[in-house]
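Take a look at the structure set out below.
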Amino acid sequence: MLPEFLQSSYARYKADTNTFATWLLETANQCGYQPPGLAAAILAVKKGNEHKSKGKHNGSDAVDPLHYSATIKDLQNLAEVVAGSARGVPNSVLTVAKRAIQLRKTVTSWFLGRGDSANNKRHAHFITVLEQICDNLEWKANQQSSKSDDAKQSPPQTASEAEADRFLNKFAVLTVEEPELQETTQTQPASAAESKKIVKVDVVEEEEGNEAAEEDSYLGQLFFKTLCLLQDLNNMRAFISVTWAEYRDKKIDLMNAAVVTDSALQLARDLVQEAEADWRTISPGDDSIQNMVFNLAVLTRGISAGPSMEIGLPYNKNMADVAEWCYVPTKVLLESFANVLQVDHLPVFRKGHFGIYNPKADRERMSLGQKFNEDKILLLSILPEFCMFDTFKIQMPTQDMITRGLTEFAKTKKVTLWLCFAAQIFLDVHHIMRHSTSGAFGDLRMSGLRIQKTIDDYFQLSKTHPRPRFWPKEGDEEIRMIGTTVKSWIVQDLFHDIRVHSELAPMGLVPEKHALFSQHAILCGLILFNLNMRMQFVGQQLVTKWYDVQQLAFLHNLVITFPPHKDLRWPDMDAFLKIHGESHIFVGSRPKNAKESLNRLELATGISSAANFARDSRRRRFHKPDGKNPRVLESTTPVANLFFTQYVGGRGPEEDGGIMNIDRILDELSQRSNLESSSSSSSKERAANKRLNPELLITRKWSNTHNLDTLQLLAFLKTKLFEAEPVILYNYFGMHKRAVELLRRIRDKEHQKFVQYFTAAYLPDESFISNIVLLILHVADGSAQSARALGLGSGGSEIVSRIVTSAGDVMREYLKKNGDMACKELRVFCTNKKPIQDDNDAAAAYANGKSLDEMAYYWFSLEDVLGPKGVASLMTGIPIA
């Protein structure tokens, strides 16, 4: 089931109608009217609660709410009372009611047929009555608004979606005055809890003996709920199509599109399972929801159920809209494939059997029969790949919902509504990417080569120093496993190798290499997410244990504090600090001198505690970092971390994650948004920010209602993953490598000074190379103290130490070629380039889309990132030797 904070369209419809009825009941009650039987029901609930509370001594005031069922006639009576009173009708009330009306009419029109104007008028009797009530109330509201305009010359109030949501939250339950109960207890003062009782209003839409209701019995609540389900699936399908169009147009990355799509498929599965469970309570037969809806639509429209075989359709072409809405085409294709599945036999698609797929063809100009045949070619050509998972017990790095569903289908041969929807999503993605069907695998392969080179560079560096005692063997094993994943699934093709050597596959019918990945963009995206999240996770652990990048952040900050290196830029370090926050790395604001730098670094590495900064604390002896108690790098991609366990496995930043637990993130963002809003300078500024920032709109809705619909949640997920992309792709391994190289250069230049100050044992071995930053800060602090003792420096300024200047000289020389390598990788691999800051003119021009030769810059940067062999492998498809 969906989590409680997610609303399906049917759930929102019920909430809207009940909320509207609640407002009518409360307002009529304030006018002195109460429906017959309500007072007696309230009295019965009160007595029941009093009986339950006997013997309890905890002082609890909790009472059971009264569920009052309001019929259509009740609503009409309540509306007449309200319309005849002097009370105003809020625009938000009408907005809620009209939203319910619009949904009911929309899904009914889908079912009855959009082109039939007569059928479009045949909506449920309840909606007709609700529409009349709204018209009457709206007329009254307009009349009151006109009078108000004449008196005050002020514009009428306008309704908004946000007002409706706040109203919906406010009137989720109704507090009703009980004048009858107060009269029966006049001898004893009534408390607030006794004088008011919570009443929940449930609208009953059917009325016995109503001919109109009986005529429209096929639009009963369960059937209408099913139509709402199909509407929700259709909306998700449209949203997913837009998402992949954005990926195709380079507006979002592959990981984003895949995670959003797979999350939508999970939500869709829960929606379908809930509807199927409802149907089983009244119809335990094997007939599917699709068949019931489609066959009833055929009867309702009076169209023949016979297929249009003359154009290659297994259903009547005049019912094509409902057939597609119910996913009948994919159902027919899946059932036809199930018929050919045999035990101990591995099916292989014969290319050209149903025709040749032409990716350059314009699908919009195809006939219904041509579209169906194209889908047949695409789906039946890929289905045999999913039969291999269970046959050969193949374990992939991760799986998507489509792969998992089709693998199960290959075992059970059972076709469900959700499986048909998932197969349709697979086809939709393929149609959107038709001009570059292998584009997703191309992105996966290029990223795999990048990861492979990064790992090779890491192990090459590891040969130049002893294995650190503070870096566990499990860390290197995980890095090797990532490299093995890249080699087995991206560089090579495990599926193809199994087929070639399998006795189950027919002779001479082996598909091309990477047949699955080249057609399954969603799976490519999730494997890319798996690899990048693993690289980020182990990379952050590596940099935490070595603590080399962080120590260089302190040294670089000190170097640029004084001339002659105030202009020394390090774009990669700036990005690192932006990702993890200056306050986290520097334990507060940036240090301003050597003493502050030394104190903060000792605190960050765990050498000292905050107590050392006390005025009366004794100076402790010199310590060296051992990688045991450093300030841990914290991940700053909370939304992406939610999916770590699901798509990566093992122990990660969020062990209990997934789309169903995203409410935790929404709670945190909502609290932060409220704090930021309260600190804004003016109400106009807050309003402008909310209009411009979609995230603020969603968090505001969450704060008001604590619920979202599925599309709002998916849109929020897409936005947050877009923001997280550069952070996920930041190369911690490369920063570690360059940090070690830079520290070694500084060590080589100042070796004699280190020996002079700290003896020849200042560096136990190369694995402690980062400690020289701590040594430099000790020397710089000592030099500053000596200068102050001699009265050097004026106006509170500090004399810069020679060793700091020398380290700055080494930095300047090294960073000329290596200072922006991480940012260069992000410019090549990231879709979201906004967070990447670099002063290089060519890079800035490329990032802003103003370069005259963007492709030349791209390939130049790509060679820097992948190396000549990597680019050659990417172009030729031959694995790196």
Side-chain angles (χ1 to χ4, degrees), residues 254-255 258 346 348-349 351 381-400 402-403 406-407 436-460 476-535 538 647-649 733 829 862 865-881:
L254 178 61
M255 296 184 296
L346 192 63
V348 176
F349 179 75
K351 191 174 182 179
S381 67
I382 197 65
L383 285 177
E385 298 296 303
F386 298 103
C387 297
M388 296 182 61
F389 284 92
D390 183 64
T391 301
F392 299 102
K393 308 304 178 186
I394 297 174
Q395 296 294 325
M396 301 197 71
T398 190
Q399 281 191 8
D400 62 300
I402 293 178
T403 299
L406 291 176
T407 300
S436 57
T437 52
S438 61
F441 178 62
D443 286 351
L444 175 62
R445 190 165 184 274
M446 187 168 70
S447 295
L449 293 175
R450 172 208 181 210
I451 292 172
Q452 188 178 47
K453 182 178 184 300
T454 299
I455 292 175
D456 290 343
D457 290 346
Y458 166 76
F459 283 116
Q460 191 68 29
D476 282 347
E477 290 174 0
E478 170 61 14
I479 296 171
R480 288 191 179 93
M481 289 177 63
I482 297 173
T484 301
T485 301
V486 172
K487 182 178 180 180
S488 300
W489 293 101
I490 300 177
V491 177
Q492 301 173 358
D493 185 0
L494 186 59
F495 269 70
H496 185 271
D497 296 341
I498 292 175
R499 275 192 178 275
V500 169
H501 299 95
S502 173
E503 297 178 355
L504 300 178
M507 296 295 295
L509 291 177
V510 179
E512 299 177 356
K513 283 190 174 183
H514 296 294
L516 179 62
F517 284 172
S518 63
Q519 299 179 68
H520 199 345
I522 301 169
L523 182 58
C524 288
L526 292 187
I527 290 180
L528 181 57
F529 182 81
N530 171 284
L531 294 171
N532 284 329
M533 289 297 290
R534 291 165 68 184
M535 289 292 287
V538 72
Y647 297 123
V648 178
F733 289 89
F829 287 91
L862 188 64
V865 173
L866 299 182
K869 290 184 178 179
V871 174
S873 176
L874 182 66
M875 297 296 293
T876 61
I878 301 174
I880 300 176

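Positions are given from 1 along the sequence.
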Problem set entry | Verdict with supporting geometry, Y458 and T454, side-chain contact (heavy atoms from CB on, under 4.5 Å) | CA-CA 6 Å; Y458 166 76; T454 299; 5.8 Å; no

Exercise. Is there a side-chain contact (heavy atoms from CB on, under 4.5 Å) between C524 and L254 once you walk through the steps?
Worked result: CA-CA 8 Å; C524 288; L254 178 61; 4.2 Å; yes

Exercise. In Å and rounded to the nearest 0.5 Å, what is the CE to OG distance from M481 to S488?
Worked result: 10.5 Å

For this session: For the residue pair V538 and I482, establish whether any side-chain heavy-atom pair is separated by less than 4.5 Å.
Result: yes

Exercise. Quick one: salt bridge (charged side-chain N to carboxylate O under 4.0 Å, His left out) partners of D457, sequence neighbours excluded?
Worked result: K453

Problem set entry | Any side-chain heavy-atom pair of I394 and F495 under 4.5 Å | yes

Exercise. So, for L531 and T485, which heavy atoms are closest and what is the spacing to 0.1 Å?
Worked result: CD2-CG2, 3.8 Å

Exercise. From D497 CG over to Q492 CD, what is the distance, rounded to the nearest 0.5 angstrom?
Worked result: 6.5 Å

Seminar exercise, completed: Scanning both residues in full, the closest heavy-atom pair of L526 with Q399 reads CD1-O, 4.1 Å

Exercise. OG1 of T484 to CD of E477: how many Å apart, nearest 0.5 Å?
Worked result: 11.0 Å

Problem set entry | Parallel, tilted or perpendicular, as decided by the 30° and 60° cut-offs, for the rings of F441 and H514 | tilted

Problem set entry | From CD1 (I522) to CG (D400), nearest 0.5 Å | 6.0 Å

Exercise. With no hydrogens and no angle check, is any side-chain donor or acceptor of N530 less than 3.5 Å from a backbone partner on Y647?
Worked result: yes

Problem set entry | Least distance between heavy atoms, A515 atom then D493 atom | N-OD2, 4.3 Å

Problem set entry | Euclidean distance, Q395 CD relative to L494 CG, rounded to 0.5 Å | 11.5 Å

Problem set entry | Student check: side-chain heavy atoms of F733 and I479 closer than 4.5 Å | yes

Exercise. In Å, rounded to the nearest 0.5 Å, how long is the span from OG1 of T398 to CZ of R534?
Worked result: 10.0 Å

Exercise. With side chains defined as the heavy atoms from C-beta onward, is the minimum distance between I490 and Q452 less than 4.5 Å?
Worked result: no

Exercise. Parallel, tilted or perpendicular: which describes the rings of W489 and F517, with under 30° parallel and over 60° perpendicular?
Worked result: tilted

Problem set entry | Worked verdict on I527 versus M396 for side-chain contact (heavy atoms from CB on, under 4.5 Å) | CA-CA 9 Å; I527 290 180; M396 301 197 71; 3.9 Å; yes

Exercise. So H520 and F386, side-chain contact (heavy atoms from CB on, under 4.5 Å) or not? Walk me through it.
Worked result: CA-CA 11 Å; H520 199 345; F386 298 103; 3.9 Å; yes

